[in-house]
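What follows is a set of notes on a single structure, which appears directly below.
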Amino acid sequence: MRTRLRIETAISAYLIDQKIEPSSTWLVELPKDRSNGDYASNIAFVLARTLKKSPQAIAQDLAKALPSYFKDKAWIGIQVLPAKGFINFILPVTVCWQALQDETFAKGDEVNPERILLEYVSANPTGPLHIGHGRWAALGDSLARLLKRVGHSVETEFYVNDAGNQIDKLIASVSAIKEGRPVPEEGYGGGYVKDLVEESDPIVALMKQQQVTLSDFRVVFNAWTREKETLHETGLVQKAIDQLTLKGITYSEKGALFFRSTDRGDDKDRVLIKSTGELTYFAADIAYHQQKALRGYDRLINIWGADHHGYITRVKAGIKALVGEKPEFEVLLGQLVTLLREGVEVRMSKRTGDMVSLQEVIDEIGTDAARFFLVIKNADTHLDFDLELAKKQSNDNPVFYVQYAHARICSILRKSETKPLVHVHLELHPTELKLLKFLLSFEDEVILAASRREPHRIANYLIELATHFHSFYHDCKVNVDDQVVAQNRLAICLSVKRILAEGLELLGISAPESM
RNA sequence: GCGCCUGUAGCUCAGUUGGAUAGAGCAACGGCCUUCUAAGCCGUAGGCCGAACGUUCGAAUCGUUUCAGGCGCACCA
């Protein structure tokens with residue numbers, strides 16, 4: 001971002017000098033085709049209307065004038081080229097090099113750092129985690145890492161629904177098995193339920209099991225909040241309901257207590273207390289979010305499956321009613337995962353026990369491959385996860401392609417006897433130059449991925465970086481006799497290694513020294 | 001019926017705050033290991049970006065309509 005910021009600053013300075021006020025927003029971005037330049041701006045298109053000149057003519061003028069606005073010595077060689085109305089910027093190698101050397105490269109660039117609470121997975125403790133939870137786990141954990149990386153302060157939380165109907169059914173199923181009775185209808189009959197018979201507290205046992213799986217998946221939460229003890233036993237749910245009633249936004253009807261959520265965009269009012277006297281999950285949920293809000297965050301982010309889409313408006317309405325506009329409430333919806341084995345869908349049912357658990361997936365294909373598969377696709381596209389395919393592909397799985405690049409660099413470093421220099425001389429092989437320039441764009445990718453909450457961008461960036469590196473490896477031998485060249489290339493290798501490792505780290509994937 | 005997501009190469013998907021000839025991997029075909037790990041590199045072929053209309057100097061990207069698939073629309077969780 002800092003590099004891009006320099007360019008934006010130069011353009012702004014020019015506009016101020018010329019007393020030009022753009023009619024709408026312009027930007028400096030990575031060109032789609034990197035061979036056009038390192039950065040590009042659409043400013044000429046934007047100014048065309050105000051200046052009543054063609055974008056091409058404006059671009060010509062700007063290209064001539066802009067270089068003198070880069071005051072820093074290192075930037076002196078910058079090329080500013082007009083092209084079909086675009087303005088392309090080609091950075092001097094030294095600028096790229098210096099940016100990469102900076103300890104804080106692609107780190108802490110967020111303009112408005114926030115205190116964020118990210119809640120994800122939050123699976124009921126009624127069975128093992130499945131592949132769908134795996135998607136939220138991979139997504140949430142990577143997102144947390146990304147948000148931290150750009151400078152937010154992030155805490156992660158797993159909300160444990162250890163109260164309510166489903167829990168009662170599970171307990172009933174366990175005792176039924178224990179006493180040799182058949183599992184009640186609508187109960188849980190999966191194989192794992194039989195194993196719970198030995199446990200003094202089946203819920204805790206399942207929670208621990210989930211924790212082990214997540215830990216194997218390299219996903220660790222700052223907090224596991226248990227609904228029963230933090231919300232019900234403390235009376236906080238009732239308190240939240242009372243507050244709503246006090247505000248006059250509840251009403252009784254047919255023996256139930258309703259929350260007037262239609263006042264805040266919902267299409268029907270929601271029940272807080274059923275006519276049976278039981279509290280709804282919705283009541284507990286808004287109490288929970290109220291508690292989160294009171295802890296003083298700027299933003300609450302939740303990751304939910306698309307099947308909870310209908311829930312957003314009402315929970316948002318509840319939060320707004322209880323705590324106001326203060327903490328932003330943001331829900332990231334992820335589309336569902338279909339688990340396949342050789343193209344045939346594996347139905348996910350905890351009740352029948354007909355399922356493949358996340359633990360089994362991890363054991364079968366490994367955490368690295370599983371996480372990569374789950375995070376590489378945009379969260380809003382439906383994901384088909386084929387176990388056999390994931391296993392079969394494991395040799396040309398993109399994750400290995402990326403890891404291989406890292407391992408290759410480590411191998412080069414092991415074989416090299418020269419020490420890297422601090423700077424690069426200016427004569428670079430074209431492939432080498434492309435690689436260097438691509439490294440620089442990590443900065444922009446991280447910012448974009450974090451601000452749009454799209455970790456899959458990092459996975460795609462890494463694949464592309466690995467591609468650039470493998471080409472470089474092929475075209476440019478590192479350990480050559482010419483010491484200047486060797487040191488240069490070694491220095492580039494070190495940068496690639498660092499970015500690969502940092503990128504993989506953001507995805508919670510290992511960067512092996514050898515393969 | 002209403003809401004949200006998706007529809008891009010044979011397959012799996014990038015690209016979507018409008019921009020420069022629409023990209024990658026797999027599959028297919030053809031090259032490259034006496035040289036730092038061939039889990040690699042290079043090349044060829046493959047497209048009316050679901051369809052139609054509209055907004056714009058400019059649309060895969062925005063709007064309307066429509067078709068197809070997924071997921072929701074409880075005093076269930």
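Being a predicted model, the structure only gives us computed values, none of them experimental. The sequence lines fix the lettering, A, B, ..., with proteins before strands; numbering per chain opens at 1.
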Next on the checklist: Heavy atoms from C-beta onward define the side chain here; which of B:G72, B:A74, B:A20 lies closest to that of A:A40?
Outcome noted: B:A20
Checklist entry - Is A:K274 near enough to B:A77 that one of its side-chain N or O atoms lies under 4.0 angstrom from OP1 or OP2? => result yes
Checklist entry - When the P atoms of B:C4 and B:U21 are considered, how many whole Å apart are they? => result 34 Å
Checklist entry - How should the glycosidic conformation of B:C33 be described, syn or anti, under the criterion that syn lies within 90° of 0? => result syn
Item to check | P atoms of B:C11 and B:G1, separation to the nearest Å | outcome: 29 Å
Item to check | Whole-Å C1' distance, B:U6 and B:A14 | outcome: 15 Å
Checklist entry - At under 4.0 Å between heavy atoms, what does A:N460 touch on the DNA or RNA strands: base, sugar-phosphate, or nothing? => result sugar-phosphate
Checklist entry - Side-chain donor or acceptor of A:N378 under 3.5 Å from a matching atom on the base of B:A14? => result no
Checklist entry - Among B:C36, B:U16, B:C76, which nucleotide sits nearest the side chain of A:R457? => result B:U16
Checklist entry - A:K84 side chain: which of B:C36, B:U21, B:C75 is closest? => result B:U21
Checklist entry - Reckon A:T338 touches a base, only the sugar-phosphate, or nothing at all at heavy-atom distances under 4.0 Å? => result nothing
Checklist entry - Taking for each residue the nucleotide of RNA chain B with the nearest heavy atom, is it A:E513 or A:L336 whose nucleotide lies nearer the 5' end? => result A:E513
Next on the checklist: What's A:D33 touching, base or sugar-phosphate or nothing? Going by heavy atoms closer than 4.0 Å.
Outcome noted: base
Checklist entry - With a non-hydrogen cut-off below 4.0 angstrom, is A:A407 in contact with a base, only sugar-phosphate, or nothing? => result base
Checklist entry - Should A:R453 and A:E330 count as an ion pair when the cut-off is N to O under 4.0 Å? => result yes
Next on the checklist: What's A:K477 touching, base or sugar-phosphate or nothing? Going by heavy atoms closer than 4.0 Å.
Outcome noted: base
Checklist entry - Considering only the P atoms, how many Å lie between B:U64 and B:G70, rounded to the nearest integer? => result 24 Å
Item to check | Any N/O donor-acceptor pair, A:S275 side-chain to B:C75 base, under 3.5 Å | outcome: yes
Next on the checklist: Distance criterion of 3.5 Å, no angle test: do you see the side chain of A:D307 paired donor-to-acceptor with the base of B:C71?
Outcome noted: no
Next on the checklist: By the 4.0 Å heavy-atom rule, please label A:C410 as base, sugar-phosphate, or nothing.
Outcome noted: nothing
Checklist entry - Can you find a pair of side-chain heavy atoms, one from A:F259 and one from A:I249, that are under 4.5 Å apart? => result yes
Item to check | Pairwise C1' distance for B:A39 and B:G25, with rounding to whole Å | outcome: 14 Å
Item to check | Nucleotide of B:G19, B:C36, B:A77 approaching A:H308 most closely (side-chain heavy atoms) | outcome: B:A77
Checklist entry - Between A:F86 and A:F45, does the ring centroid distance fall short of 6.0 Å? => result yes
Item to check | A:M515, nearest nucleotide to its side chain (from B:A39, B:C76, B:G19) | outcome: B:A39
Checklist entry - Which part of the nucleic acid, if any, lies within contact of A:G164, taking any heavy atom under 4.0 Å across all strands shown: a base, the sugar-phosphate backbone alone, or nothing? => result nothing
Checklist entry - B:A39, B:A14, B:C5: which one has an atom nearest the side-chain heavy atoms of A:Q335? => result B:C5
Checklist entry - Between A:E454 and A:K377, is the closest basic N to carboxylate O distance under 4.0 Å? => result no
Next on the checklist: Show, in sequence, the C-alpha distance, side-chain angles and deciding distance for A:D386 and A:R341, and conclude whether the salt bridge (charged side-chain N to carboxylate O under 4.0 Å, His left out) test is met.
Outcome noted: CA-CA 5 Å; A:D386 193 312; A:R341 196 180 272 285; over 6 Å; no
Checklist entry - Does the side chain of A:Y188 reach to within under 4.5 Å of the side chain of A:K169, using non-hydrogen atoms? => result yes
N/O contacts under 3.5 Å, protein versus nucleotides 41-47 of chain B?
{"from": "B:C41", "atom 1": "OP1", "to": "A:Y401", "atom 2": "OH", "distance (Å)": "2.5"}
{"from": "B:C41", "atom 1": "O3'", "to": "A:S471", "atom 2": "OG", "distance (Å)": "3.4"}
{"from": "B:C41", "atom 1": "O2'", "to": "A:H474", "atom 2": "ND1", "distance (Å)": "3.0"}
{"from": "B:C42", "atom 1": "OP1", "to": "A:S471", "atom 2": "OG", "distance (Å)": "2.8"}

